[in-house]
Amino acid sequence: MTLAQILAVLLPPLVEQAVKLLKAHEEGKLTDDEVRAEIAKMRASVVAQDAMIDARIDAAG
Amino acid sequence: MRRVSLLLPLLVVACAASFQERTERSLQTAVLATNAARDAVLAASKAAQESAVERLEADLAAIPDSPDRPALVAARKAQARAEVAEVRTRRDKALHRLEDAYVLLARAAAVLPLMEATGDREQVLKLVREAVAVLEASP
């Protein structure tokens with residue numbers, strides 16, 4: 001098998017992997033933001049939950 | 001030999017991509033587990049607080065009209081607020097640990113793209129492991 005034949009077999013998946021790497025590189029920052037967005041969601045849920053309960057206590061009676 | 005030396009850089013790229021994919025999957029799994037833990041804590045604290053409010057509403061409905069009623073209502077509301085505050089303290093303690101886990105996972109996500117450039121795989125795995133340890137230690 002010649003080098004050209006080996007490369008013809010190996011190159012397409014390697015190029016695909018390299019493209020995935022580049023995409024992962026771009027998406028890495030997004031993932032970072034996404035993880036931090038989960039903290040924001042958590043804090044927002046706490047505020048909403050507490051406000052709803054406080055309003056119900058105030059309105060009771 | 002020349003063929004091997006030509007193929008080696010390509011194989012290194014392939015292995016790095018495979019490792020990065022696995023690390024990303026671990027990271028995504030850890031984030032999903034943290035989300036599930038967060039949602040469970042929030043649901044439990046909501047249920048506990050709603051239960052306190054329902055008991056309050058039932059008790060207030062049972063207080064007859066009288067000159068003492070406003071004072072009794074105020075006292076019962078203060079009791080309900082104390083119950084709710086206790087639930088919130090426990091909830092916030094649990095959420096604080098989850099926030100620590102999120103911060104570690106965010107740091108892992110931030111350094112993941114640099115992993116291929118620096119080859120510092122351990123840094124990402126260390127952060128994911130730390131986050132999992134924080135999760136495991138959560139109440």
Side-chain angles (χ1 to χ4, degrees), chain A, chain B residues 2-3 6-7 10-11 13-18 20-21 24 27-28 31 34-35 38-39 41-42 45-46 49-50 52-54 56-57 59-61 63 69-70 72-74 76-77 80-81 84 87-88 91-92 95 98-99 102-117:
Chain A
M1 188 180 266
T2 65
L3 179 59
Q5 286 171 323
I6 293 170
L7 288 177
V9 172
L10 286 179
L11 265 182
L14 289 173
V15 168
E16 193 183 330
Q17 293 279 38
V19 169
K20 279 184 186 172
L21 253 182
L22 288 172
K23 280 185 181 171
H25 185 279
E26 287 170 3
E27 288 166 4
K29 282 181 186 169
L30 280 178
T31 307
D32 180 15
D33 289 343
E34 281 168 7
V35 175
R36 292 185 189 281
E38 296 297 342
I39 297 175
K41 276 187 209 169
M42 185 168 79
R43 290 176 180 162
S45 295
V46 166
V47 170
Q49 189 176 96
D50 291 356
M52 187 264 290
I53 294 294
D54 289 342
R56 280 186 67 184
I57 292 175
D58 290 342
Chain B
R2 187 163 167 255
R3 290 176 183 177
L6 280 171
L7 287 175
L10 297 172
L11 289 172
V13 168
C15 290
S18 172
Q20 183 148 350
E21 279 174 16
E24 275 183 4
L27 192 57
Q28 284 164 0
V31 171
T34 311
N35 288 350
R38 173 201 61 194
D39 294 345
V41 169
L42 288 171
S45 78
K46 188 182 178 192
Q49 290 188 76
E50 283 179 340
V53 173
E54 282 159 17
L56 166 71
E57 287 167 343
D59 288 352
L60 295 187
I63 298 174
R69 191 174 197 281
L72 291 170
V73 166
R76 184 60 186 85
K77 280 191 178 188
R81 286 197 181 93
V84 161
V87 171
R88 289 176 185 176
R91 175 202 62 194
D92 292 347
L95 292 184
L98 292 179
E99 192 164 323
Y102 276 128
V103 169
L104 287 166
L105 292 171
R107 280 168 53 199
V111 298
L112 187 58
L114 304 174
M115 186 189 72
E116 196 247 342

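Proteins come first, then strands; the chains are lettered A, B, ... in the order of their sequence lines, and each starts at number 1. Values in this document were obtained by computation on a predicted structure and should not be read as measured data.
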Between the NZ atom in B:Lys77 and the CD1 atom in A:Ile57, the distance rounded to the nearest 0.5 Å is 8.5 Å

Between the CZ atom in A:Arg56 and the CD atom in B:Glu54, the distance rounded to the nearest 0.5 Å is 5.5 Å

On a heavy-atom basis, the closest approach of A:Ala60 and B:Glu57 is CB-CG, 4.1 Å

Rounding to 0.5 Å, atoms CD (A:Glu38) and CG (B:Leu98) come to a distance of 11.5 Å

The interface call for B:Thr34 against chain A, heavy-atom contacts under 4.5 Å, is neither

Side chains of A:Asp58 and B:Arg81: does their closest heavy-atom pair fall under 4.5 Å? yes

Check for a donor-acceptor pair, side chain of B:Arg76 on one end and backbone N or O of A:Gly61 on the other, with a separation under 3.5 Å.
-> no

Counting heavy-atom pairs under 4.5 Å with chain A, the top scorer among B:Ala61, B:Ser45, B:Ala108 is B:Ser45

(Q) I'd like to know if B:Arg91 pairs up with A:Asp50 as an ion pair, taking the criterion as any Lys NZ or Arg NE/NH1/NH2 lying under 4.0 Å from an Asp or Glu carboxylate oxygen. (A) yes

task = Establish, from distance only, whether the side-chain atoms of B:Arg88 and A:Gln49 form a donor-acceptor pair under 3.5 Å.
result = no

Rounded to the nearest 0.5 angstrom, the CG-CD distance for B:Asn35 and A:Glu34 is 10.5 Å

To the nearest 0.5 Å, atom CE of A:Met42 lies from atom CG of B:Leu42 at 7.5 Å

For B:Tyr102 and A:Val35, the nearest pair of non-hydrogen atoms, with its separation, is O-CG1, 3.1 Å

Between A:Asp32 and B:Ala106, the two heavy atoms sitting closest are OD1-O, 3.2 Å

Using side-chain heavy atoms (C-beta onward) and a distance below 4.5 Å, is A:Met52 in contact with B:Lys46?
yes

Okay, B:Leu95 and chain A: the region with an atom under 4.5 Å from a heavy atom over there is both

